[in-house]
Amino acid sequence: MPAVSDRFAQTAPKVGFVSLGCPKAMVDSERILTQLRVEGYAVVGGYREADLVVVNTCGFIEAAQQESLEAIGEALAENGKVIVTGCLGKRAALIREHHPQVLAITGPHDYAAVMRAVHAQLAPPAHNPYTDLIPASGIKLTPRHYAYLKISEGCNHKCSFCIIPKLRGKLVSRPIGEVLREAERLVKDGVRELLVVAQDTSAYGVDIKYKGSDWRGNDYRTHMTDLCQALGELSVWVRLHYVYPYPHVREVIPLMAAGKLLPYLDIPLQHASPRMLKAMRRPAAGEQALQRIREWRAVCPDLTIRSTFIVGFPGETAADFAELLAFIKEAQLDRVGCFSYSPVDGADANALPDWVPAELAEERRRMFMETQAGISAARLQRLVGRELTVLVDSVTGDGVVARSFADAPEIDGVVRVRTTERLIPGQFVKVRITQADHYDLAAVT
Ligand code: SF4
């Protein structure tokens, strides 16, 4: 059971929790777990000891749906009392068809509905302020020293391969004051790196007309630039994910150059051929990505850019693919993921003509990754000999594993540190980079 547990579980009603899906779903799980603990429930690690089990599901692609349905089945077989939430919760009929015995089904980021369902099955105990040891920032599923900061829910775009807007609805931004207070609490509780996430971080605030809020005596708009300025005051690492290359992104690059934000942008470009971007209905498709990247790097030469791409999208020709390869050679991106297109149930792209055969898509993916491996390796070589501050993730018998500004947790590389110092997870330490391979670095203190 990939679950979360705590040690204060002697007398309280016990809830098992299974968390599946992306970082945004993980943030949902953290909220629900926080609320459970705030109300005095114990979160336990085994199905058998739990009075009921909450399964936070993912419904993004077919494989994730299958994994979620299997997790629900396992929880039912082992425990019998199961509440389902998360993205797959939008497909209640599908869940009921496979598992008619689930007690309740709620959709994504509906914490209140999950709690109502829990209350209906398992009354909360009286709150005891002396024994309920909840950190002010809540229970975190990530290690103590980094945390995802979700700034909005949903998405206003209509990318043809994606069903997230159907699952999660339109963009709903959290007011900036609320986000900043959460960030402050996290930092107070030991977080050293904040990972800003949303479906489209650049669109933050557009739905609430960039409504202003006061924080530490200053007025901030609910806008990406203001958010970055304010987070830059917290003296921790701040890393931006899911940014689209709109013109206003240039406003945050000087903050990166000044050391207020990590010089890192995660920009899911998905393709470079205008024809493909149009078929994909991508946001910022009309923006000149190459031009933007050049401008940003002129201001902040250390800027690390991560991106993901899809090859073999319906209608992709050899010329489109050649354009994509030329783009990645020119753009010299640092961290890149590439997927062969796979259809998602309910996505508009399924109706497009001229599907690319799976073997050809796979061949293109292989070529793409081969080209990119050389680029990534050359980009990392530039760091050899430099002194960098890294953040220690783990210290084990096998050594110290840390990350630099260029490495987001779980998706990028790591820095393996040789040292005689006693380091601990969550510590910043100065190292000298001694070696680089395709994805990782080696360093000494
Ligand atoms: S931007 Fe596109 S891919 Fe991302 S969530 Fe919105 S619709 Fe989906």
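We count ligands from 1, going down the list as the structure has it; atoms in each ligand are counted the same way.
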* Asked: Sequence neighbours excluded, which residues qualify as side chain to side chain donor-acceptor pair (under 3.5 Å) partners of Asp412?
  -> Tyr264, Arg306
* Between Arg297 and Asp334, does at least one N-O distance fall below 4.0 Å, as a salt bridge requires? -> yes
* **Gln427 and His145: side chain donor to acceptor below 3.5 Å** => no
* Asked: Side chain or backbone of Tyr244 under 4.0 Å from ligand 1, or both, or neither, by non-hydrogen atoms?
  -> side chain
* To do: Anything protein N/O/S under 2.8 Å from atom 2 (Fe) of ligand 1? Just list residue and atom, please.
  => Cys159 SG
* **Residue pairs, two or more places apart or on separate chains, that pass side chain to side chain donor-acceptor pair (under 3.5 Å) and touch residues 243-256** => Thr225-Glu251, Tyr244-Arg282
* Please test Trp237 against Phe428 for ring-ring contact (aromatic ring centres under 6.0 Å, His included), starting from the C-alpha separation and ending with a verdict. => CA-CA 10 Å; Trp237 279 8; Phe428 286 115; 5.2 Å; yes
* **Partners passing salt bridge (Lys or Arg N to Asp or Glu O under 4.0 Å) against Glu193 (at least two apart in sequence or in another chain)** => Arg239, Arg403
